[in-house]
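Below, read A as the first sequence line, B as the second, and so on, with proteins coming before strands; counting in each chain starts at 1. Just so we're clear, the structure is a prediction, and the values are computed from it rather than from any experiment.
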Amino acid sequence: MNRTRIISVLTENYIGKTVTVCGWVRSKRESKGVAFVALNDGTSQDTLQLVIPDTASAFKELHCINTGAAIRAEGLIKKSPGKGQSCELEVNGITVYGNADAEKYPLQKKGHTLEFLREIGHLRPRTNTFGAVFRVRNILSDAVHEFFQKRGFIWVHTPIITASDCEGAGDLFTVSSLDFEKLPMHENGDIDFSHDFFGKRAFLTVSGQLEAEFLALSLGDVYTFGPTFRAENSNTSRHLSEFWMIEPEMAFADLTDDIKLAEDFVQYLCSKVLEKCEKEIAFFQKFYKNTSIEELKDLAEKPFTRITYTQAIEELEKAKKAEFEFPVKWGLDLQSEHEKYLTDNIFKGPVVVTDYPKEIKAFYMRLNEDGNTVAAMDVLAPKIGEIIGGSQREERLDILKNRMTDASVPVKSMEWYLDLRRYGSAPHAGFGLGFERLVQYITGMPNIRDVIPCPRTPQHIRF
RNA sequence: UCCCGGGUAGCUCAGCCGGCAGAGCGGAUGGCUGUUAACCAUCUUGUCGGGGGUUCGAAUCCCUCCCCGGGAGCCA
């Protein structure tokens, strides 16, 4: 079908041209001599105004052109005499592909709550809000690849199904082809996974990091961008059971390089959104007020605050102790309230916290000279909390082995990981960024379930 | 999983110290010479989340289950 996208009609000069547009009716306003239809085809934040004079044959079809109807309209693009739009389509002919019963169609010509829209996940992309979210999400996805490709990083595809259950990143989903009605059992009552598809228990990945490490230690700079699965019973506005993660890994790099990459990365993504999603951001600013063009400009330009964990503890101790529910003490992990205090109250922007005590971080993080802290870094964002977690990896075989033992990581199944330290080991570093949290941060959407088309959370797998 | 708050019309919510179920929006119809979530008039709408109990009488009080939201933990 030969159709012109509404974004083109609105942003390029079509005045005086005859076009055909297709889309879904957002609203219809009828007067005696003329009717107006606001049409949206998903390509733009704004609608195209269709003008239907009572002389047009289409005027008789107005009764079945309700909010939600899918239509095709052709006519002449004219300069609009009305306020609110620069051009409009004077309709010559209209085809109704699918009407929508106005009495039953759930999307009314009015605002809806995000909670209600979550119940109609299949229709919510037709709203202003979700159209904007998914367009911004797309620009961000594209910018992820653009950023890394420009810098010579290789996109690697780490496995979705994995046998390693020792990444320390939480509970895993088991992947099995066993007949659940007739499970093969060991004598002690455990399930015998040797009869399963892979001959051993398999899982959905919780992180591609360990695989990305061996790819970095051969290809140099690599990144992953794919789905990640966590079977944790987390019920918050910033957790999903299925989410997308971006994990760059760099050979011959230390923590400073890692932090710089994280900062450049977030700033690049942010500037791309400012460049390509002006209307969408303006929309979020107007209706959700959790984000603004000014804030995003700051984010894209100002260097992130960098402090060590030890400094963070000192800053928090300076704050009135009564303000915190949880204790602030060197050696204890930072709680949400502490992270929020750092980003929202003290530094008023993203904060990179580095060099955490080794006891509260993963075994693969490189031990610092002091023997107490590791070369870790978390990027904390205002309101959201941690959006990036990264580290320089432990490349020294003996120290890594000790840390695995201390952390009760089964060394036996990790021999391949240790091999990387036996043969041509090199300093390397990387991080993981939760893509939806970034989309949340940039759009200001309060709930992570509203930045992914089909959110998966405990007890929820509709749509 | 824990702690709070909530579930009443298609949507948003009022009613909750027990006594005939309401408003706004939406939708329908009519009016209006260009509207902007149009406007004006009229009409339309119920398993008061489910089950049980107390009572002459329960949306309202009690018990229980389910669902939704906010916060916390786990993390990205």
Review point. Reckon A:R118 touches a base, only the sugar-phosphate, or nothing at all at heavy-atom distances under 4.0 Å?
Key: sugar-phosphate
Review point. When the ring centroid of A:F304 is compared with that of A:F347, is the distance short of 6.0 Å?
Key: no
Practice item. May I ask which nucleotide in the shown strands pairs with B:A76, Watson-Crick or G-U wobble, both distances under 3.5 Å? Key: none
Check your understanding: Is there a Watson-Crick or G-U wobble partner for B:G22 with both distances under 3.5 Å, and if so, which one is it?
Key -> B:C13
Point to revise | A:R238 side-chain proximity, nearest of B:A72, B:G34, B:G71 | key: B:A72
Check your understanding: What nucleic acid atoms does A:Q49 come within less than 4.0 Å of, heavy atoms only: base, sugar-phosphate, or nothing?
Key -> base
Review point. Side chain of A:V51: nearest nucleotide among B:U1, B:G34, B:C75?
Key: B:G34
Exercise for review: Tell me what A:I246 touches on the nucleic acid: a base, only sugar-phosphate, or nothing, going by heavy atoms under 4.0 Å.
Suggested key: nothing
Practice item. Could you please name the option among B:U35, B:U1, B:A76 that lies closest to any side-chain atom of A:H239? Key: B:A76
Exercise for review: Compare side-chain N and O positions of A:H460 against OP1 and OP2 of B:C67 and report whether any pair is under 4.0 Å apart.
Suggested key: no
Review point. Testing A:I65, A:T47, A:V25, A:V9 for side-chain contact (heavy atoms from CB on, under 4.5 Å) with A:L39, which one passes?
Key: A:V25
Point to revise | Out of B:U35, B:U33, B:U36, whichever nucleotide has its closest atom nearest the side chain of A:F36 | key: B:U35
Exercise for review: Test A:E436 against every option in A:R137, A:R238, A:H239 by the side-chain hydrogen bond (donor to acceptor under 3.5 Å, both in side chains) rule and name the one that passes.
Suggested key: A:R137
Check your understanding: Under a 3.5 Å cut-off for both distances, is B:U55 Watson-Crick or wobble paired, and to whom?
Key -> none
Revision key, fill the gap. Result for 5'-nearest mapping on RNA chain B, choosing between A:G82 and A:S241, is A:G82
Check your understanding: Would A:F243 pass as stacked on B:A76, i.e. its ring centre under 5.5 Å from the base's six-membered ring centre and planes under 30° apart?
Key -> yes
Review point. Given B:A72, B:G34, B:A76, which nucleotide is nearest the side-chain atoms of A:V34?
Key: B:G34
Review point. Which is true for A:Q85 with a 4.0 Å heavy-atom rule: it touches a base, it touches only sugar-phosphate, or it touches nothing?
Key: base
Study note, to complete from the structure: In A:H428, A:R366, A:M404, the residue satisfying side-chain contact (heavy atoms from CB on, under 4.5 Å) with A:E394 is A:R366
Exercise for review: Take nucleotides 10-15 of chain B nucleotide by nucleotide from the 5' end and write B, S or -, depending on whether a protein heavy atom sits under 4.0 Å from the base, only from the sugar-phosphate, or from neither.
Suggested key: BBS---
Practice item. Take atom P in B:G71 and the same atom in B:A41, then report the distance between them in whole Å. Key: 41 Å
Exercise for review: Have a look at A:N235 and say if it touches a base, only the backbone sugar-phosphate, or nothing, with a 4.0 Å heavy-atom cut-off.
Suggested key: base
Check your understanding: Which listed nucleotide (B:G34, B:A37, B:U33) is nearest to the side chain of A:K109?
Key -> B:A37
Practice item. Check whether more than 12 heavy atoms from other residues, nucleotides or ligands sit under 6.0 Å from atom CD of A:E12, and answer yes or no. Key: yes
Review point. Quick one: the side chain of A:S234 and the base of B:C75, do they pair up donor-acceptor inside 3.5 Å?
Key: no
Check your understanding: Has A:R456 got more than 12 heavy atoms of other residues, nucleotides or ligands less than 6.0 Å from its CZ?
Key -> yes
Point to revise | For B:G69, the Watson-Crick or wobble counterpart (both distances under 3.5 Å) | key: B:C4
Check your understanding: Can you check whether A:K78's main-chain N or O pairs, donor with acceptor, with A:E88's side chain at less than 3.5 Å?
Key -> no
Point to revise | Touch class at under 4.0 angstrom, heavy-atom based, for A:E88 against every strand present | key: base
Check your understanding: From B:C74, B:A72, B:G27, pick the nucleotide closest to the side chain of A:T67?
Key -> B:G27
Point to revise | A:K83 vs A:P446, nearer the 5' end of RNA chain B by closest nucleotide | key: A:K83
Exercise for review: Ignoring backbone atoms, test whether A:S31 places a side-chain nitrogen or oxygen under 4.0 Å from the OP1 or OP2 oxygen of B:U33.
Suggested key: no
Point to revise | Contact under 4.0 Å: A:S27 side-chain N or O vs B:A38 OP1/OP2 | key: yes
Check your understanding: Counting only Watson-Crick or G-U wobble pairs whose two distances fall under 3.5 Å, which nucleotide matches B:A41?
Key -> B:U29
Exercise for review: Tell me whether the OP1 or OP2 atom of B:C74 has a side-chain N or O from A:T236 closer than 4.0 Å.
Suggested key: no
Point to revise | Aromatic ring proximity, centroids under 6.0 angstrom, A:F435 and A:F225 | key: yes
Check your understanding: Between A:L433, A:I139, A:L269, A:L438, which is the residue that forms a side-chain contact (heavy atoms from CB on, under 4.5 Å) with A:V144?
Key -> A:L269
**Study point:** Distance below 4.0 Å between A:S336 side-chain N/O and B:G73 OP1 or OP2
**Key:** yes
